[in-house]
Asks: 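Pasting a structure here, questions to come.
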Protein chains: 2
Amino acid sequence: MAVESAEPGTTRPGGRTARVREAVLRAAGDALAEQGFAHLDLADVARRADVGKTTVYRRWGTVTGLVADLLKDMAEQSLPRTETGSLLGDLKANARLVHRTLTDPRQGELFKALIAAATCDTRTADALHHFYRTRIEEWAPCVRQAVGRGEVPAGTDPHEVIRAVSAPLYYRLLASGDPLDQAAADRAAEAAAAAARAGAYVRHAAPEGMTGQARTEDSQQADG
Amino acid sequence: MAVESAEPGTTRPGGRTARVREAVLRAAGDALAEQGFAHLDLADVARRADVGKTTVYRRWGTVTGLVADLLKDMAEQSLPRTETGSLLGDLKANARLVHRTLTDPRQGELFKALIAAATCDTRTADALHHFYRTRIEEWAPCVRQAVGRGEVPAGTDPHEVIRAVSAPLYYRLLASGDPLDQAAADRAAEAAAAAARAGAYVRHAAPEGMTGQARTEDSQQADG
DNA sequence: CGCTAAATGAAACTGGAGTCCCGTTATGGC
DNA sequence: GCCATAACGGGACTCCAGTTTCATTTAGCG
């Protein structure tokens, strides 16, 4: 009882504390990639990190708490963006980067586990959303440049375009299970570019003509 | 020891066995929607279903095994498809159906849990893939009709178009956390229709002109 | 340097998820 | 309707994930 002087690791974050965090997060990533979210055991993570299991339980408490911290760590590592001079080229570079990550044996399984963990806990979900917001913002400039070059209509939402590139690849990874090959990545980029050119991602649905007309009332059955 | 006369529930699938299965699957869906995949406890499912916990453990064994059976059951329930006469209208109807499902308090959480479970077990993943294959095939005809009407190029892959409608919605639900509103659903349908019209989903990448050119070699950094 | 307490770690402990045993129910075949 | 046995259910049991305790190490500060 009494107020537990905040979280452990906050008042003395240097030296050993930092080394422990690094080792544990690395071990957690390995374990998640190898065994998946469901079979993750914090004692096993502690063993891999060569750290007392008490420490892991005290600082992170739960599997989702540990994943949330791992995501926070991953979000801080920024990466270079490629520039090719055309929207399609840039989107294709992005698509192939995502494709390479998701098909990499370790990273692909890791991302599946991260997403699974995020479905079970709101704090973890927040960390995941922040991670993707960061990545999407990193690539958004290529769409703004395309707007500047006149490749796509003014008002095009950059985030929407970048999401449109990743979405089909994640859908295959997580839901449909369809082959996740480079052709799929290229098609995702091409489709996003084509839709962007056609004005499908213009913000604030144009008042007339361009966006929605079909006002059909549809069935009441629910499905995904 | 000895050969365990196959799975329980196979030689006498009628009467009580069927009632138990129905009650357990319903309870499992409720529990998954309420507590998520991580906190699912088979004893709790048994309690909700008013069934002995021994029965649940004997017939399904693990959480993922139960989810796999739930998915098998869900895949068998076919649903009506709406027809509006235009590709955009049909895709929008599909998008709104998916949107309504994923934003429904129970169904949305349930689908998140199902996908999380599928990341942890290959049999469950197979069941999930089969579920989506069924749904995608159910809606594929609207693309074939659009090809027939000349709305989209011949050779357009119907499955690819249908996936393109759902993908951005699932990406928001599971990864980015961006708002999952009806406008997003409509935009997903419009983008898929625009890309399809532009020939982005033509099968077997046309030998020249239409699909890939940018052969840029990109960075070696990995990311999603 | 040397002191204080934040943070770690080894080991004992505990509660509940999952297993096992065996008696009871009721399905499917005749 | 009757029998053999597939399937169910209550309850005891086990085992290990997660907690608690307390001694040891070391970061931070003067």
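Here is the naming used below: chain letters follow the sequence lines, and residue numbers restart at 1 for every chain. The figures here come from the full heavy-atom set of this structure, side chains too, leaving out hydrogens, waters and symmetry mates. These numbers come from a predicted model, not from an experiment.
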Asks: Give the intermediate values and the outcome of salt bridge (charged side-chain N to carboxylate O under 4.0 Å, His left out) for residues B/Arg123 and B/Asp126.
Replies: CA-CA 5 Å; B/Arg123 275 184 52 247; B/Asp126 288 344; over 6 Å; no
Asks: Hey, is the side chain of B/Arg19 poking within less than 4.0 Å of OP1 or OP2 on D/dA7, counting only N and O atoms?
Replies: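 No, B/Arg19 has no side-chain N/O under 4.0 Å of OP1/OP2 on D/dA7.
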Asks: Answer yes or no: is there an ion pair linking A/Glu34 with A/Arg106, defined by an N-O contact shorter than 4.0 Å?
Replies: no
Asks: Return the nearest nucleotide to the side chain of A/Thr55; candidates are C/dA12, C/dT8, C/dG18.
Replies: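 Looking only at side-chain atoms, A/Thr55 lies closest to C/dT8.
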Asks: May I have the step-by-step check of side-chain contact (heavy atoms from CB on, under 4.5 Å) for A/Leu174 and B/Tyr170, ending in yes or no?
Replies: CA-CA 9 Å; A/Leu174 297 165; B/Tyr170 277 86; over 6 Å; no
Asks: Over all strands shown, is B/Thr54 touching base, sugar-phosphate only, or nothing at heavy-atom distances under 4.0 angstrom?
Replies: base
Asks: What's the CZ-C1' distance between A/Arg16 and C/dG9, to the nearest Å?
Replies: 8 Å
Asks: Are there over 12 heavy-atom neighbours, none belonging to B/His159, within less than 6.0 Å of that residue's NE2?
Replies: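 For B/His159, atom NE2 is crowded (more than 12 foreign heavy atoms under 6.0 Å).
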Asks: How long is the line joining NE2 of A/His39 and C1' of D/dG18, in whole Å?
Replies: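 That distance rounds to 18 Å.
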Asks: In residues 20-38 of chain A, what residues come within less than 4.0 Å of DNA chain D, judged by heavy atoms?
Replies: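 Nucleic-acid contacts, sorted: none.
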Asks: Taking the minimum atom-to-atom distance to the side chain of B/Pro8, which one of D/dA7, C/dT8, C/dA17 wins?
Replies: D/dA7
Asks: Considering heavy-atom distances to DNA chain C, does A/Arg59 or B/Thr17 have its closest nucleotide positioned more toward the 5' end?
Replies: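 Here A/Arg59 is the residue nearer the 5' end.
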Asks: Name the residue from A/Leu110, A/Leu114, A/Thr119, A/Thr64 that meets the side chain to side chain contact (heavy atoms under 4.5 Å, CB included) definition with A/Phe37.
Replies: A/Thr64
Asks: D/dG18, OP1 or OP2 - any side-chain N/O from A/Tyr57 closer than 4.0 Å?
Replies: yes
Asks: Taking the nucleotide of DNA chain C with the nearest heavy atom to each, does B/Gly15 or B/Arg58 sit closer to the 5' end?
Replies: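 Residue closer to the 5' terminus by nearest nucleotide: B/Arg58.
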Asks: Would you give the length of the straight line joining atom CE of A/Met74 to atom OG1 of A/Thr134, rounded to the nearest 0.5 angstrom?
Replies: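 Here the interatomic distance stands at 11.0 Å.
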Asks: Does A/Lys53 make a side-chain donor-acceptor contact with the base of C/dG9, cut-off 3.5 Å?
Replies: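 Looking at the base of C/dG9, it does not pair with any donor or acceptor on the side chain of A/Lys53 (distance under 3.5 Å).
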